[in-house]
Amino acid sequence: MKISQEESLTTMQMLERMFQVEMAFMQSESKDVRLLADAFHPDVVVHEPTSLPYSGDWIGLEGIAGLMQQMNRAFSKVAVEDLSCAGSPAKLYVSSTLHLTARASGISITQPFSQILRFENGLLIEGTPFYFDTAEIDAILNHPT
């Protein structure tokens, strides 16, 4: 019997791998899209809220790379901690604490953060993030320096 990647990894392992791949990509010099294939499905879509500068639907590995490059230009620090999740890979509810530092202003914030994620064969295929206060994020990004 063949075990799929999704069955061999726990939901927390898939989630932690996704965040590790995101951070590795953002910190890499090359920004090689192939790095993302370790955690993201080729048909992935992430729906960012319209109230943020990186809003919209980011589709495919190239789209996710573009989103992460925009976030990397906006933030000098992005960190997620206190991860917890409930559900299944088909619909995973994630709760965490988000730490952001705006690159231009140097202002840091910490706020609750949640997401609804869908995984297919152990890879993220859809993500919908819910930021606690998008106005606060926008304010640190547009703060006069």
Side-chain angles (χ1 to χ4, degrees), residues 5-6 8-145:
Q5 186 175 6
E6 192 168 281
S8 65
L9 294 174
T10 67
T11 52
M12 188 58 82
Q13 287 170 327
M14 285 187 285
L15 187 61
E16 288 172 342
R17 182 182 62 188
M18 181 192 75
F19 283 120
Q20 289 169 351
V21 167
E22 284 180 0
M23 296 307 149
F25 178 84
M26 289 176 73
Q27 294 169 358
S28 74
E29 290 293 321
S30 69
K31 304 294 188 248
D32 187 344
V33 173
R34 291 175 294 185
L35 292 171
L36 299 173
D38 288 340
F40 294 88
H41 190 281
D43 298 322
V44 64
V45 60
V46 172
H47 313 282
E48 288 288 348
T50 58
S51 56
L52 291 175
Y54 44 89
S55 68
D57 289 344
W58 298 85
I59 301 169
L61 296 179
E62 290 289 338
I64 297 305
L67 169 62
M68 290 185 195
Q69 288 170 352
Q70 278 206 20
M71 291 182 77
N72 194 45
R73 283 190 289 272
F75 303 107
S76 60
K77 176 186 176 186
V78 176
V80 176
E81 63 181 25
D82 301 325
L83 275 174
S84 64
C85 62
S88 70
K91 195 168 205 176
L92 190 62
Y93 300 90
V94 181
S95 172
S96 62
T97 301
L98 180 64
H99 303 279
L100 300 171
T101 301
R103 189 170 299 283
S105 67
I107 300 171
S108 296
I109 60 171
T110 299
Q111 57 179 245
F113 178 65
S114 61
Q115 300 184 79
I116 298 173
L117 304 175
R118 288 191 318 109
F119 288 86
E120 187 174 287
N121 296 321
L123 302 173
L124 183 73
I125 192 156
E126 184 177 25
T128 305
F130 296 92
Y131 299 85
F132 180 73
D133 188 346
T134 58
E136 181 181 43
I137 295 170
D138 194 51
I140 68 165
L141 293 176
N142 293 304
H143 189 274
T145 53

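Only heavy atoms go into these numbers, but all of them, side chains included; no hydrogens, no water, no symmetry mates.
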* Decide yes or no on side chain to side chain contact (heavy atoms under 4.5 Å, CB included) for Gln69 and Phe25, but give the supporting numbers first. => CA-CA 9 Å; Gln69 288 170 352; Phe25 178 84; 4.0 Å; yes
* **Verdict with supporting geometry, Phe19 and Leu83, side chain to side chain contact (heavy atoms under 4.5 Å, CB included)** => CA-CA 10 Å; Phe19 283 120; Leu83 275 174; 3.6 Å; yes
* Take Gln111 and Ile137 through the test side chain to side chain contact (heavy atoms under 4.5 Å, CB included) and record every step on the way to the result. => CA-CA 10 Å; Gln111 57 179 245; Ile137 295 170; 3.8 Å; yes
* **Phe40/Leu123 under side chain to side chain contact (heavy atoms under 4.5 Å, CB included): CA gap, chis, key distance, verdict** => CA-CA 5 Å; Phe40 294 88; Leu123 302 173; 5.9 Å; no
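Distance check, rounded to the nearest 0.5 Å: CG of Leu124 to CD of Glu120 gives 10.5 Å. Atom CE of Met18 is separated from atom CE of Met23 by 8.5 Å, given to the nearest 0.5 angstrom. Rounded to the nearest 0.5 Å, atoms CE (Met71) and CG (Leu141) are 9.5 Å apart. Between atom CD1 of residue Ile116 and atom SG of residue Cys85 there is a gap of 13.5 Å, rounded to the nearest 0.5 Å. Rounded to the nearest 0.5 Å, atoms CD1 (Ile64) and NE2 (His41) are 12.5 Å apart. To the nearest 0.5 Å, the span separating CG on Leu35 from CD on Gln20 amounts to 13.0 Å.
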Show which side-chain atoms of residues 92-101 pair as donor or acceptor with protein atoms under 3.5 Å away, not counting sequence neighbours.
residue, atom, partner, partner atom, Å
Ser96, OG, Phe113, O, 3.4
His99, ND1, Thr110, OG1, 2.8
His99, NE2, Glu81, OE2, 3.0
Thr101, OG1, Ser108, OG, 2.6

Name every donor-acceptor pair, under 3.5 Å, that has one atom in a side chain of residues 125-133 and the other anywhere in the protein, sequence neighbours excluded.
residue, atom, partner, partner atom, Å
Glu126, OE1, Arg118, NE, 2.7
Glu126, OE1, Arg118, NH2, 3.3
Glu126, OE2, His47, NE2, 2.8
Tyr131, OH, Glu48, OE1, 2.9
Tyr131, OH, Glu48, OE2, 3.4
Asp133, OD1, Ala135, N, 3.1
Asp133, OD1, Glu136, N, 3.0

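When all heavy atoms of Gly122 and Met14 are compared, the pair lying nearest together is CA-SD, 3.4 Å. Considering all non-hydrogen atoms of both residues, Gln70 and Pro53 come closest at OE1-O, 3.7 Å. The two residues Thr11 and Ser88 have their closest heavy-atom pair at CG2-C, 4.3 Å.
Between Met68 and Leu36, some side-chain heavy-atom pair lies under the 4.5 Å cut-off.
In terms of modelled atom types and a separation under 3.5 Å, the side chain of Asn142 and the main chain of Asp138 share a donor-acceptor contact.
Not counting sequence neighbours, the partners of Asn72 by the side-chain contact (heavy atoms from CB on, under 4.5 Å) test are Met26, Lys31, Arg103.
The environment of Glu62 atom CD is sparse: at most 12 non-hydrogen atoms of other residues, nucleotides or ligands sit within 6.0 angstrom.
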